[in-house]
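To start, the structure under review is shown below, and the notes come after it.
From a predicted model like this one, the values you see are computed outputs, not experimental measurements.
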Amino acid sequence: MDSKTYTAALAELRTLRDELKKKQAEVAKLETERARRVTALAGYEKAKAERIAPAAGLSLADVVAIAPILAPDSLIAPAQSAPAAPAADVHAEPIEEPPAAQAPGAVAPSMTGGPQAPPPADAAPPTPSSTETTPAPAHAAATPSSAAPAPPTPTATAATPSLPATANTPRSLPSLPEGPEGDRWVGHTANLASIRPNFTQQARSTAFLDTATGVLVYRDQTVRLDLAAATAADILQAVFHTIPEGVERIYITAGDPWHRDAGRYPFLRDAVAAWLNAPIPGWRTDTGRGKDRMAGHFVHARHPVGRFQREGGDQHVEIRSVGEWFDPEGADPTTIRDAFVLLWKALRAHWPDAVIMGSPSQTGRDLWTRTIPARGQFSEGYPVLSEELRGLLHATAGQGRTELITPPDVPEQLPALVEYDRTFAYAKHTWKSPVGTPRRITAATFASWSEKEQTKALFGCGHWQVRVTVPDGWRHVGILPAPAPGERAWHYPRTPGTTFTTWAGGPEVYTALSNPHQPWKIEILDGLLWEDGKPLDDWSKKLKEAWASLAAQADLHGDPTHRQAAHLASRAVRSLLLYGIGSFAQRPRTVTGTTPRTAERDIPADAEIIGFDDDHVTWQRPTGFSRDPNAHPEWAANIWSGARAALLSMRMREDNTHVGALHAPPGTVVAFRTDAVYLTAPQNWPYHGQPGEYLHKGHLTGPVPAPTTEDELLALRDAGRHALHRIRTGGDA
């Protein structure tokens, strides 16, 4: 085969690829229509899955998955969460672990007497002798990014064999390897650290556009545009005609123009990709500048980013959704512009060089880098963990707790549904974070320590592999997360006698041992223990002060428009911290981009083609763990663990009381949703408007049908918030 034949064969292969994509899109559309019709048939009171399945060409299980109402009573399984009341639990068979998981563990001390206050922030973890711990290597092996080993997976790195993944089999979590290989993991990536920047970010000129009304706000100008069909071409033409000097960023405040043709596509992301890739005379997809080559558009179902460059020029512009920052709540573009101005002023009070970047995660992390100390222990930067440890944390450290407890584990008719939401929750858990090189703490090491040393270690910044046993007679919600079926699913076992192996942070392990009801049995199998540090404390304090200032304006200012702008700005500060913390996790991501058909050979070799038209190809590719100098999943994991623990039990020092789900009566918890807990009765929990405290946010008086799906819970949540608002204000919301 010569070069000419090879090129021709490639062209034919692309044609075949395009045909396959078209057929796949047609099949997906037909499958969507089939699911819609199955759902419609399920509404008939005498409908049976046995008759619908052959008509649809599906199995009974597939039909029931589409329309759960068709499931026969004998096949309806209870919720993954165990019952709130003991009656259905007490005689349940405990879950048995595979024999390989029964390795010896060190039993953690039982911390009876109810929850205790954590030690002072500067309390040091125990420092056993060198004979008591597995020493970490002096330095991690240098591993270039391009040749780095793959992140750990349950099948590749677990010390115990994994069970096959089935619908009823929880996935196995990875472990630290034994011996020198495990020692090599416990270190940092060579020549990679978070350092203080020596440059100032450049601000971008920004406009705010409501595509539903056509109102555009730019600086002190407010005009109404004719956007025609609100395509990307219509928006760019109208905006640049009105602002000849151009803008670099356009925030869409309302209208979601990328959803205009959603009905024509089987998936919302396909509609967004088509909107982004539609041809625009005089413009092309911006493929990035400098090191940011092949940037392209970011295809997201709700908050996409369109990046465009003028043909033959150096003019670049982004079209983004303001929903990345906050819910606009019906605010007009002028109010949203004022919210960003207030946000900038509040940040400038703490960072003289603060610049609002495109997204809260970018902005939050940039602001954090400007708090890295210029002198002292970490003046040279915070080193990044080895790729293997980052992969382990990615696989074993979940984020927020989301759990719905459904009948028969709660009554069919609830006496009430009361929502308590933690205010600015993550800001409560940034005062202490892990720093330095972690130490591996084996079961033997932990067992060799005194009870005082063990307790101190569990108070410290650690990530522990534990075997957990739910105590006999346990009547309340689960405490520790366990891997459930699914790629990233977690559940919270609570059936007495259940034993499972998992990873958990120190705050959750401590809560299991010191909860107000009865201590759980915790066996330490392995773990990582860091020194306690404050890498996020200064950053968090400044954001909390900015948030408090804006929240005060939202409560007290005399102008209602200013109050609304200040409220939105305070929500933006929350996003800076929330998404900034999330960006530290640096989870392996799939990047989506677009490339002109004329430049197909520039598409990354490992990319998957997910869409195309006559002019552009849309692709996605896994990025894995890049050499990101600001990747610190140990910080995110520590904060998430603290937040999950506080959702169960938290001490309010000023009031000398404890709050959280475990301090509500057994059987009254209906759901958890990240920072919120939903109960069947109100609680006398104090609230002073400080980060981490429980705000009584919604209240529906009963009887209330118990929610059985997330959508039902959200509908009841919104109704409860509206009802409580009416009670407090004496009128409509």
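With rounding to the nearest 0.5 angstrom, the CG atom of Leu480 is 6.0 Å from the CH2 atom of Trp520. Atom CD1 of Ile479 is separated from atom CG of Leu662 by 5.0 Å, given to the nearest 0.5 angstrom. The line from NZ of Lys432 to CD1 of Ile639 is 12.5 Å long, rounded to the nearest 0.5 Å. With rounding to the nearest 0.5 angstrom, the CG atom of Leu173 is 8.0 Å from the CD atom of Gln465. Rounded to the nearest 0.5 Å, atoms CG (Asp526) and NE2 (His463) are 10.5 Å apart. The line from OH of Tyr426 to CG of Leu536 is 13.5 Å long, rounded to the nearest 0.5 Å.
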Report the C-alpha distance between His696 and Tyr420 in whole Å, list the side-chain angles of each, state the deciding distance to 0.1 Å, and finish with yes or no for side-chain contact (heavy atoms from CB on, under 4.5 Å).
CA-CA 5 Å; His696 185 193; Tyr420 287 94; 3.8 Å; yes
Evaluation steps, side-chain contact (heavy atoms from CB on, under 4.5 Å), between Thr501 and Leu525
CA-CA 9 Å; Thr501 298; Leu525 304 178; 3.8 Å; yes
Quick one, Thr189 with Arg390, criterion side-chain contact (heavy atoms from CB on, under 4.5 Å). Give me CA distance, side-chain angles, the key distance, then yes/no.
CA-CA 10 Å; Thr189 301; Arg390 281 182 278 154; 3.4 Å; yes
ring-ring contact (aromatic ring centres under 6.0 Å, His included) between Trp530 and Trp635: does it pass, once the steps are laid out?
CA-CA 11 Å; Trp530 286 264; Trp635 297 349; over 10 Å; no
Val466/Thr502 under side-chain contact (heavy atoms from CB on, under 4.5 Å): CA gap, chis, key distance, verdict:
CA-CA 6 Å; Val466 291; Thr502 190; 3.9 Å; yes
Would Tyr694 and Tyr687 count as a ring-ring contact (aromatic ring centres under 6.0 Å, His included) if you check the C-alpha gap in whole Å, the side-chain angles of each, and the deciding distance to 0.1 Å?
CA-CA 6 Å; Tyr694 281 87; Tyr687 181 76; 9.4 Å; no
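A donor-acceptor pair is defined here as one N or O able to donate and one able to accept, closer than 3.5 Å; no such pair exists between the side chain of Asp655 and the backbone of Thr657. Of the possible donor and acceptor atoms, one in the side chain of Gln683 sits under 3.5 Å from a partner among the backbone N and O of Ala681. For the pair Trp503 (side chain) and Pro174 (backbone), a donor-acceptor distance under 3.5 Å is present. The closest donor-acceptor contact from the side chain of Arg401 to the backbone of Arg673 lies at 3.5 Å or more, if one exists at all. A donor-acceptor contact shorter than 3.5 Å is absent between the side chain of Trp464 and the backbone of Val509. Between the Glu634 side chain and the Pro438 main chain, no donor and acceptor come within less than 3.5 Å of each other. Within the 3.5 Å criterion, the main-chain N or O of Tyr492 finds no donor-acceptor partner in the side chain of Trp490. Ser641 contributes no side-chain N or O that, together with a main-chain N or O of Asn638, makes up a donor-acceptor pair within less than 3.5 Å. The backbone N or O of Glu712 lies less than 3.5 Å from a partner atom in the side chain of Thr709, making a donor-acceptor pair. Checked by atom type and distance alone, the side chain of Ser386 pairs as donor or acceptor with a backbone atom of Trp185 at under 3.5 Å.
A salt bridge links Glu388 with Arg184: the distance from a Lys NZ or Arg NE/NH1/NH2 to an Asp or Glu carboxylate oxygen falls below 4.0 Å. Taking a cutoff of 4.0 Å between a charged side-chain nitrogen and a carboxylate oxygen, Asp421 and Lys697 qualify as a salt bridge. The residues Arg439 and Glu531 are annotated as not salt-bridged, no charged nitrogen and carboxylate oxygen being separated by less than 4.0 angstrom.
Across all their heavy atoms, Val410 and Ala706 have their closest contact at CG2-CB, 4.2 Å. Shown here for Ser194 and Trp368, the closest heavy-atom pair between the two residues is CB-CH2, 3.5 Å. Pairing each heavy atom of Ala671 with each of Leu713, the nearest pair is CB-CD2, 3.8 Å. Of all heavy-atom pairs spanning Leu458 and Pro109, the tightest one is CD1-CD, 4.5 Å. For the residue pair Thr708 and Pro407, the shortest heavy atom distance occurs at CG2-CD, 4.2 Å. Here the shortest heavy-atom pairing between Ile405 and Val669 reads CD1-O, 3.6 Å.
With a 4.5 Å cut-off on side-chain heavy atoms, Ile441 and Leu528 do not count as touching. Contact of the Thr674 side chain with the Thr402 side chain is registered, since non-hydrogen atoms from C-beta on lie closer than 4.5 Å. Within the 4.5 Å cutoff, side-chain heavy atoms of Pro481 are placed close to those of Glu508. Between His663 and Ser649, the closest side-chain pair of non-hydrogen atoms falls below 4.5 Å. For the pair Val659 and Pro686, the minimum side-chain heavy-atom distance is below 4.5 Å. Annotation: side chain of Arg467 is in contact with side chain of Thr499 (closest heavy-atom distance under 4.5 Å). Leu543 is not listed as a side-chain neighbour of Thr430, based on a closest heavy-atom distance of 4.5 Å or more. Counting heavy atoms from C-beta outward, Pro682 and His699 have side chains that approach closer than 4.5 Å.
With sequence neighbours left out, Phe378 forms a ring-ring contact (aromatic ring centres under 6.0 Å, His included) with Tyr382. Residues that satisfy the side-chain contact (heavy atoms from CB on, under 4.5 Å) test with Lys544, not counting sequence neighbours, are Phe424, Ala427, Ser540, Pro691.
When only modelled atom types and interatomic distance are considered, Ser448 and Thr445 share no side-chain donor-acceptor pair under 3.5 Å. Between the side chains of Thr668 and Thr680, no donor N or O sits under 3.5 Å from an acceptor N or O. Glu693 and Thr423 share no side-chain donor-acceptor pair at under 3.5 Å.
A cation-pi arrangement is absent between Arg717 and Tyr678 under the rule of less than 6.0 angstrom and at most 45 degrees off the ring axis.
Ring pair His476/His517 is tilted by interplanar angle, where 30° to 60° counts as tilted.
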